[in-house]
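Notes to accompany the following structure.
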Amino acid sequence: MSVFNIVITGVGGQGVLLASKVLAESALACGLDVKQNEVHGMAQRGGSVISFVRIGEKVYSPVVMPGAADILLSFEPLEALRYVHYLKPGGMLVYNKVTINPSTVASGMATYPANVEEQIGRACPNARGIDALAIAKEAGNAKAVNMVMVGAVAKSLQLDSQVVEGVVREVSKGKGIDVNLKAFNGGAVA
Amino acid sequence: MKKIISGNEAIALSFGDSGGVFASGYPGTPSTEVLEEVARIGEVYCEWASNEKVALEAVIGASIAGGRCLSTMKHVGVNVAADALMTLTYTGVNAGLILMVSDDPGQHSSQNEQDSRNYAKFAKVPMLDPADSQEAYDFVRAGFEISEQFDTPLMLRTTTRIAHAKGGVEQKVKIKPVVGEWVKNVPKYVMLPNYGKIKHVEVEARLLKLKEFAETTSLNRIEMDDTDLGILTSGVSYQHVKEACPNASVLKLGLVHPLPEKMIREFSAKVKRFMIVEEMDGIFEEQIRAMGIRVDVGKDRISYCGEVSPDIIRAALGDAITKSASPVADLPQRPPTFCPGCAHRGLFTILSKLNVFVSGDIGCYTLGALPPISAMHSSICMGASISAAHGMAKVNAIAGRTEKPVAVIGDSTFFHSGMTGLLSLAYNAGNALVIIMDNRTTAMTGGQDNPGSGQVLKGEISQQVNIVDLVKVLGIEHVVEINSYNLAETEASIKKGLETPGPYVLVDKNPCILRYRVKQPMLSVDHQKCTGCRVCLKVTCVALGLVADGDKMKVQIDPNICNGCGVCAQLCKFDAMSVAKGREKQ
Ligand SMILES: Cc1ncc(C[n+]2csc(CCOP(=O)(O)OP(=O)(O)O)c2C)c(N)n1
């Protein structure tokens with residue numbers, strides 16, 4: 001198998017990091033080589049976040065080049081649009097439809113693009129939007145958005161989705177396995 | 001069994017597995033998680049020092065006392081510790097000593113993009129540059145061995161894509177820590193000029209021995225393949241090279257200082273085109289060209305700025321790069337900003353209104369420089385806020401300007417290197433208003449403890465320094481506590497401080513809401529009263545937004561995000577914002 005590239009984007013504080021960890025651990029549990037990488041630091045203060053997960057028999061570089069992503073998983077519509085050029089032709093885009101204002105919009109210096117979903121659809125015709133916040137709340141915790149998002153792509157990873165579920169269990173130890181599993185499964189059928 | 005861990009976690013794990021007994025560092029992205037992980041594993045003693053120089057000096061003592069030791073910091077931290085480093089290289093070590101430094105090419109979260117490999121050359125010490133988590137793990141052990149074998153401090157250098165990137169790591173058999181003798185050796189450890197001169201000769205001889213070692217160590221290796229193209233590289237660039245040029249021959253350096261001259265000469269002679277791929281400075285290339293070796297592709301084609309990537313290497317070789325659509329244009333940016341509920345927001349709202357010159361520092365409060373608040377006018381390095389404000393005030397006096405500068409600094413930065421500036425300002429009859437945002441944590445780097453938090457890295461309770469008392473002891477007469485959540489009071493205190501001649505210090509003691517999980521009852525907007533004037537939006541809080549209400553856009557507060565600090569409400573002239581119904585504090 002050639003290297004499979006996943007890009008995860010969102011807003012600092014949304015749990016992009018934990019979602020990346022679940023995907024990376026799952027690949028390792030399936031006996032594959034994996035590199036996972038994101039840039040944090042300043043990004044934590046509500047800034048834009050981008051994380052890479054690369055899976056294959058042998059993975060060298062930790063970064064995904066624009067135009068090379070098999071999957072783009074975005075926790076926020078504007079961040080999906082910002083990084084949509086990372087997708088390769090025919091790549092898959094799943095995004096959370098719930099918007100979060102960037103500070104530039106909140107302070108009145110810019111406006112949030114009114115037609116953001118339309119623009120996403122134009123850039124990637126088979127993009128799929130889900131209401132991850134509603135599913136997470138339904139599962140019992142608004143913070144479980146990240147597990148909903150992982151669930152939404154679990155079947156498309158070329159990994160055993162049972163393994164992915166096991167990793168979700170593992171990372172949730174002590175902090176609501178039930179909620180996270182519900183969120184994960186909610187994402188899988190969304 | 002392999003685990004998937006970051007370079008930082010691998011270094012921490014290996015430190016414990018390689019006989020380490022003492023670690024000291026100062027937080028700084030992307031280095032911070034190393035000591036946090038040493039503390040989490042809990043096997044080896046570790047601590048946060050008040051700054052990098054103190055950390056390295058503590059580690060020097062630990063080595064003299066016979067314990068393998070590690071000091072961690074970000075690249076700019078080495079500038080602070082450099083005084084210790086430049087003479088430590090003369091004394092050498094007793095037990096193995098590793099100075100780990102993380103560089104940040106691409107400036108993901110740093111004030112500059114300096115290349116620490118320069119320090120290895122400058123200090124004439126060996127430096128290792130791991131290319132993934134496994135090497136980060138292996139190089140700690142190798143580093144201790146080299147440090148002890150050659151009687152030298154060793155620098156272990158990572159970059160953001162090594163420190164934070166996760167990959168598989170196989171653990172080695174644990175070495176039991178053995179603490180050696182605590183030796184008294186005056187000519188070795190007392191660097192009076194006469195002893196220092198002898199030591200300098202030894203340093204030069206040591207470097208020659210290290211050069212020989214570089215030729216034979218397995219830390220450097222050649223992967224011979226197609227001889228049309230041969231690439232010399234190290235660190236994460238190696239990974240990008242393997243991705244971009246899977247068939248090229250590669251000379252991969254693990255020991256990046258000193259260089260293996262013979263090995264490079266032979267390798268370059270075997271390949272048709274010889275290329276060097278290095279991030280940031282052209283340190284390899286300068287040295288290799290000085291050896292008289294032909295370099296076909298190097299810094300002429302790869303920028304000194306930013307990170308290297310597979311596509312940058314392809315482009316440098318004239319190969320096709322990954323095809324991609326262009327990024328969608330004109331999207332609103334999403335820069336980092338003050339958290340909803342952060343005390344810094346209230347302070348900067350007032351500083352912005354008063355239109356004073358703010359001599360800033362490095363911490364979350366540096367975000368006060370971003371528009372539309374735009375209330376910070378200089379920020380150079382940790383501690384510079386107070387000392388720079390002092391210099392401004394002196395020149396203002398000469399120019400006959402009456403405006404007083406305002407310095408803003410956080411608690412961790414004050415302990416790091418702000419205290420000395422304030423001492424100097426008080427001693428030299430300075431004239432600045434200094435505001436210390438004492439949120440009881442080092443927030444920008446993720447909420448580490450410091451001498452004001454009352455807790456140490458390993459979690460135990462410790463004596464808590466009172467900044468107000470400390471400021472008085474440094475020679476400041478006027479010290480006043482403020483509460484930045486109360487805008488009117490804060491404005492009055494700042495004005496008083498500006499009007500009073502001489503040094504004047506304000507201390508805000510509100511805790512970091514993120515670290516201490518502070519939450520007040522959230523607010524909501526009464527759309528009968530909101531006129532849509534947008535004055536409140538200037539506070540730049542992501543909980544605020546506009547919604548259509550009839551033909552007007554009015555403000556709304558996102559209940560999932562609002563932290564209830566009430567700063568926006570104090571700007572509202574129409575009394576439209578109040579604690580949401582049913583959410584009043586009991
Ligand atoms: C010499 C140096 N060491 C470390 C850092 C990394 N760093 C950036 S901000 C900061 C400290 C911030 O703490 P504080 O001053 O308390 O402000 P806060 O973020 O809590 O508001 C540190 C350690 C740096 N920039 N320079």
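On a predicted model such as this, the values are computed, not experimentally measured, just so you know. When reading the values below, keep in mind they use all heavy atoms of this one structure, side chains included, and skip hydrogens, waters and symmetry mates. Note on naming: letters A, B, ... go to the chains in the order of the sequence lines (proteins, then strands), and numbering restarts at 1 for each one.
No hydrogens or angles considered: nothing links the side chains of B/Ser324 and A/His85 as a donor-acceptor pair under 3.5 Å.
When all heavy atoms of B/Thr540 and A/Ser103 are compared, the pair lying nearest together is CG2-CB, 3.7 Å. For B/Leu331 against A/Pro113, the heavy-atom pair with the smallest separation is CD2-CG, 4.4 Å. Between B/Pro332 and A/Val105, the shortest heavy-atom contact is CB-CG2, 4.1 Å.
With chain B as the partner, the residue from A/Glu79, A/Gln119, A/Glu25, A/Lys88 showing the most heavy-atom pairs under 4.5 Å is A/Glu79. Of the listed residues (A/Val116, A/Asn37, A/Val84), the one with the most heavy-atom contacts under 4.5 Å to chain B is A/Asn37. Counting heavy-atom pairs closer than 4.5 Å to chain B, the top residue among A/Leu78, A/Thr111, A/Leu87 is A/Leu78.
In this structure, no portion of B/Leu370 lies under 4.5 Å from any heavy atom of chain A. Contacts between A/Lys143 and chain B at a heavy-atom distance below 4.5 Å are absent for every atom of the residue. For A/Tyr83, no part sits under 4.5 Å from any heavy atom of chain B, backbone or side chain. Looking at B/Asn560, only its side chain comes within 4.5 Å of chain A, counting heavy atoms on both sides. Neither the backbone nor the side chain of A/Ala123 comes within less than 4.5 Å of any heavy atom in chain B. Only the side chain of A/Leu133 comes within contact range of chain B, judged by heavy atoms closer than 4.5 Å. Proximity to chain A involves both the backbone and the side chain of B/Val542, based on heavy atoms less than 4.5 angstrom apart. With a 4.5 Å cut-off on non-hydrogen atoms, B/Asp132 touches chain A through its side chain but not through its backbone. Contact annotation for B/Pro246: neither backbone nor side-chain heavy atoms come within less than 4.5 Å of a heavy atom of chain A. Looking at A/Ser51, there are no atoms closer than 4.5 Å to chain B (heavy atoms on both sides), in backbone or side chain. B/Ser326 touches chain A through its backbone: at least one of N, CA, C or O sits under 4.5 Å from a heavy atom, while the side chain does not. The contact between B/Cys364 and chain A is made entirely by side chain atoms (from C-beta outward), counting heavy-atom distances below 4.5 Å.
Atom CG of B/Asp558 is separated from atom CD1 of A/Ile100 by 8.0 Å, given to the nearest 0.5 angstrom. In this structure, A/Lys35 NZ and B/Ile4 CD1 are separated by 9.5 Å, a value rounded to the nearest 0.5 Å.
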Show your working on salt bridge (charged side-chain N to carboxylate O under 4.0 Å, His left out) between B/Glu243 and A/Arg54 and close with a plain yes or no. CA-CA 12 Å; B/Glu243 195 84 28; A/Arg54 307 194 69 217; 2.9 Å; yes
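Looking only at side-chain heavy atoms (C-beta outward), A/Val63 and B/Pro310 come within less than 4.5 Å of each other. Inter-residue side-chain proximity for A/Thr104 and B/Arg334 is flagged as unmet; no heavy-atom pair is nearer than 4.5 Å.
Tested against A/Ser61 for a side chain to side chain donor-acceptor pair (under 3.5 Å), the candidates B/Lys242, B/His240, B/Arg161 yield a single pass: B/His240.
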